[in-house]
Amino acid sequence: MADYTFNSNRAFIAVIQGGSAAVILDSIVTLCARHQIRREIHFSGESEATGIPLPKPNQSYFLYLHVPFCEVLCPFCSFHKVEFEHAKAANYFEALRTEIQFATDLGYHFDEVYVGGGTPTVQTSELGKTIEFLRGQHVVKRLSVETNPAHLDADCLAALKSIGVNRLSVGVQSFDNQILKKIKRYDKYGDSTSIQKGLKETKGIFSTLNVDMIFNFPGATAQQLQRDLDILTEELSVDQVSFYPLMVGSSTRKFLDQEMGGVDYGRERAFYEQIAIHMLSAGYKRSSAWCFSQNDGLIDEYIADRDEYLGLGSGSFSYLDGAFFSTTFSIPRYLNLVNSGRTGFVRRREMSGAEKIRYYLLTHLFGGVLDLREAESLFDGEFLRRLWLEIAGLKLIGAVRREGDRLQLTEAGYYLWVLMMREFLIGVNSLRDEMRQHISQERSGMSVGA
Ligand code: SF4
């Protein structure tokens, strides 16, 4: 193993050596994060959104587009998605273009776009039309699109290349055939060999080929994880790997409990350390707490990079001017709203001053480094004053250190941030469940709700 910063961080080594102390610390951080996030991330009792808020003058924005269609639905997945139907998806893409036009008319300028899902590549002709429409009005410098291994064919890749995709993110989850069978992806998205073949053929076409993986599936072993790591770095040598810890929401817990056995968060730290040691030793650098890239400057999680983002399409979230927004999770209602001249925005939640500052700390340190001058300027010199207790606590447990005007995660801090972001995204999954509740009547075949 190469010598890298793990060895130079005494706090991290102390945590590793005191295994039980680490477990206690992880439990405390999890409980605190869960408690705080559940208090802050919800739309219950919040006001109806009255459309997209106005943009700030001379500001370029990050645009997220949601495409909620998949050919088959994976039972462990909490994202907003429905089964693909050709005509329904074509209508949806048309509405998405109309909604982009609404945002453009309000004065938004988009310089970076992320198309997520669902599976954005279910209908590449419509995706192409949408990106072309967007590029006709905005100077899009970076375009990231998600896909699945079954779409890595020559036609789809050529279509994505022709619309200027910079980063292609492929949802693989695991290369282990047993795990792929258990999570019901083996028959739908191919076995390990065919997924590897598709990735080999895709490598080099886009500036960044990212592979999304999940670790800590129930029953997974360190040997299975090691094999995945070797495939990624030695056999494929992909540009970037995002290793998500398994996140269980109320909508997916039943499947995981029944089909795979419950999730054991007590094994997560050891898996994460195995991943970090392997990826850093293989020459990858951290782009965020759970993303590893071969080169600096590769596109990664926008939440760590961009203070504000606008999400369009059904089932999208936005963070704009200190407020969270959600669009409707009902696709019929989304189409009705947009086709009658409105946007899909249906919920808005203003964050308090303290919530905004904590959200900034969480998302910026997820990228590893927080620029204190920027933070102070954004929060009128109140950032360190308002967060002194949290930052003192993080220093005490060896999670952060100050280097001049930067607050930096330590090696020990990276896992704690994985844990906090896991709780944050589980909170976002609960938000999705909450939004789906509003359309439970529609989902059971009755009238359309919120
Ligand atoms: S994991 Fe990907 S392909 Fe499977 S249902 Fe979720 S979004 Fe669709």
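Just so you know, ligand 1 is whichever comes first in the structure, and atom 1 is the first atom listed for that ligand. Residue numbers run from 1 in the order of the sequence given.
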Residues 253-262, side-chain donor-acceptor partners within the protein, below 3.5 Å, at least two apart:
none

Do Tyr92 and Glu126 have a side chain donor and acceptor closer than 3.5 Å?
no
Strictly by ring pair (Phe, Tyr, Trp, His ring centres under 6.0 Å), give each pair with a member in residues 149-192 just once, sequence neighbours left out.
none
Tyr189 heavy atoms within 4.0 Å reach ligand 1 at atoms 3 (S)
How are the rings of Tyr309 and Tyr319 set to each other: parallel, tilted or perpendicular (split at 30° and 60°)?
tilted
Sole residue of Thr147, Thr208, Asp239 in side chain to side chain contact (heavy atoms under 4.5 Å, CB included) with Leu168
Thr147
Within the 4.0 Å heavy-atom shell around Gly118, which atoms of ligand 1 are there?
7 (S)
Atom 4 (Fe) of ligand 1: protein N, O or S atoms [distance under 2.8 Å]
Cys74 SG
Are the ring centres of Phe424 and Phe366 closer than 6.0 Å?
no
For Tyr108, ring-ring contact (aromatic ring centres under 6.0 Å, His included) partners two or more places apart:
Tyr61, Phe110
